[in-house]
Amino acid sequence: MNETAPETATTAQAHLRAFDGLRPALPGAGLDWVEALRTDALGRFEDAGLPNRRLEDWKFTTLAALDRVAFAPGTQAAVTPDAPLPELSPAAARLVFVDGRFDESLSEIYAPADGVTVTTLVTALAKDASALEGQLSRASDPAGALWDLNAAFMADGAVIRLADGAALDQPVHLIFFSSGAANRANHIRNVIALGAGARANVVETYISATDTLGPGFTSAVTDIALADGAALIHARVQDESLRTVHAARAVVSVGGEAEYAGFALALGGEVSRQETDIAFTAPGGRARLMGAYLGRGRQLLDHTTRVDHAVPHCTTEELFKGVLDERAHGVFQGLIRVAPHAIGTDARQRNQALLLSERAVADTKPELEILADDVKCAHGATVGDLDADALFYLMARGVPEAEARRLLIAGFAGDVIERFDRGAVGAYLSDCVARWQDRGTGDGHA
Amino acid sequence: MSENILEIRNLHATVDGTEILKGLTLTLPAGEVHAMMGPNGSGKSTLSYVLAGREGYEVTAGEISYKGQDLLALAPDERAQAGIFLAFQYPVEIPGVANSVFLKAAVNAQRRARGEVELDAMDFLKRAKAELAALEMDQEFLSRPINVGFSGGEKKRNEVFQMAMLEPTLAVLDETDSGLDIDALRVVADGVNRLRAPDRSMLVITHYQRLLNHIVPDHIHVLAKGRIVASGGKELALELEEKGYAAFTGEKSAA
């Protein structure tokens, strides 16, 4: 299976061995706080190891693929992209990262705006590291060994900062292309900070080279801080090769009257885990967490959300929809915690999965921990086949069955996209779903 | 071409093992509008679903000939492509699928099946807008998901709008009047009347006589217990209104 005859047996071992050699080449080398952050994270990772299914949070999802192949971090991008990069138009900027490293030749900032900084982690740490210290340290708080690994090895990513009142109407598109060459592990760290009343749209797209090239491991953490009244629309599209392990986390602090709208779309990957962690820091914050997972073959697609209502009068709306064909396995885990004094909390969570095959599996685990009175909390989950009435309705108008099914599947996913955004970001997400449908069953990526 | 668009002979049909239609015979000539009236549970909707080919509606005896061909051999989409249109009593809500996307797929599937050139986006939109205007419907309707959040009247207008776009040979309207106020009823009936043509037949299924003031049929049939128990001209509707169904079904009126 693994042609390169690894010296080490597992991904964990490969990383531990690589750390000292790689460290001087990682961004922030020589800065005490960065070095300490990496060392502490690595220590925690060494103690805990990669998560396994004995942990409650990992009951349904296995990272055994990381033990079968020794994925290791590297310093240089191995290849240039062999596939056309996805288009999102109009966009304020496009930043392309190849094997986790910024590729300036493929990137462009189309519409620079006042009070807006769009740069990379490498550049930001070299030029103005202190501005990042608070946020980078925060996201490196212990959150599990998988994310400690990211903190120890984070190599690059985008840094987007908006001053108070600044606005970026068109989306910033971040494209992460991984080659899968030489069992490569890529550790990406993005930082987004919006000042008071600032507004922005950010889309992350993760793609990889054709499936023939080799397995890959992508680890991506996006750390987001929204000051009072800020509003962010943030979409993550995971469309990597079917030989990729994709682990991503968005960690978000939401200020007073601020709004975070996040969408996580999982289309590719052998194993995909997309986490979202929300912490409300002042009253009146809103979070809209939405997502879709469309799987075939033996894909495992996991969305895990944790929302911490630590302050009063915040609102959470969650909707995740899955389409699972063949032997695909979908997982949704949603934790909502309401602290004792967080009165006026309004939190709703829904998960709906379509099973298109008898061998497809959907697991759903809602968890509500409500310690306050005077709150509104609700959750619901449904699993089923395509609606027979709807199928008949379309066919009774002359639409052939295969096309009718396709329309209904697109509509099922389209519904949650429409609720999320009716602008350029939503249109882009719909295009991604349409491309997934065009690929058809049974095969990998074009 | 056959003189008769639809010929139903001795039709028996079951739903969940219960026989609902028990020997129904009906002939619908080209260009005519026939009304099918009957009390609840007489089998009106079952007839409409059998014609459209809905799963679970099993024909156990008899035959249906549509323009001379065996209708029962065709799948639901093939029936629609052949020119059959069912206006649903309860149009289905489909979140996430825009009316325009759905209807363009339907129009072009039918055109493909007939060997015609597909409509492009511009031509489709032009035609759709003209039909919407005729039905006093807003154009933003096209971008809304199918029937989601529509009022009862909007749903029925949508059925008539689809019918106008698809130009069927045989239209079956299943209780299109139910849930409509008098203004909506007039708009819907006008829409249906505009579609009357020498080469198009309609079967108007209704519980009440009032729709037939607006869509005046050539013939009226009374359905009871799965069989046609009376047929006649439009005066039959008035008789029904006066005497009630009981006079025709042989049962005592429940009212």
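None of these values were measured; they are calculated from a predicted model. Naming convention: chains lettered A, B, ... in sequence-line order (proteins, then strands); numbering from 1 in each chain.
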Contact class of [X] relative to chain A, heavy atoms under 4.5 angstrom:
X        : result
B:Pro168 : neither
B:Pro95  : both
B:Leu103 : neither

What are the two closest non-hydrogen atoms of [X] and [Y], and how far apart are they?
X        : Y        : result
A:Phe392 : B:Gly53  : CE1-C, 3.9 Å
B:Ala80  : A:Ala396 : CB-O, 3.4 Å
B:Ala109 : A:Val399 : CB-CA, 4.3 Å
A:Leu407 : B:Ala105 : CD1-CB, 4.0 Å

request  = Compare all side-chain heavy atoms of B:Val97 with those of A:Leu394 and state whether any distance is below 4.5 angstrom.
outcome  = no

Any donor-acceptor pairs between chain B and chain A, under 3.5 Å? If so, list them.
unit_1	atom_1	unit_2	atom_2	d
A:Asp389	OD1	B:Arg54	NH2	2.4
A:Tyr393	OH	B:Asn147	ND2	3.4
A:Tyr393	OH	B:Glu159	OE2	2.4
A:Tyr393	OH	B:Gln162	NE2	3.1
A:Met395	O	B:Asp77	N	3.4
A:Arg397	O	B:Gln110	NE2	2.9
A:Arg397	NE	B:Gln162	OE1	2.5
A:Arg397	NH1	B:Leu86	O	2.8
A:Arg397	NH2	B:Leu86	O	2.9
A:Arg397	NH2	B:Glu159	OE1	2.6
A:Gly398	O	B:Gln81	NE2	2.9
A:Glu403	OE1	B:Arg112	NH2	3.2

request  = Could you list the residues that satisfy side chain to side chain contact (heavy atoms under 4.5 Å, CB included) with A:Pro90, not counting sequence neighbours?
outcome  = A:Gln170, A:Ala424

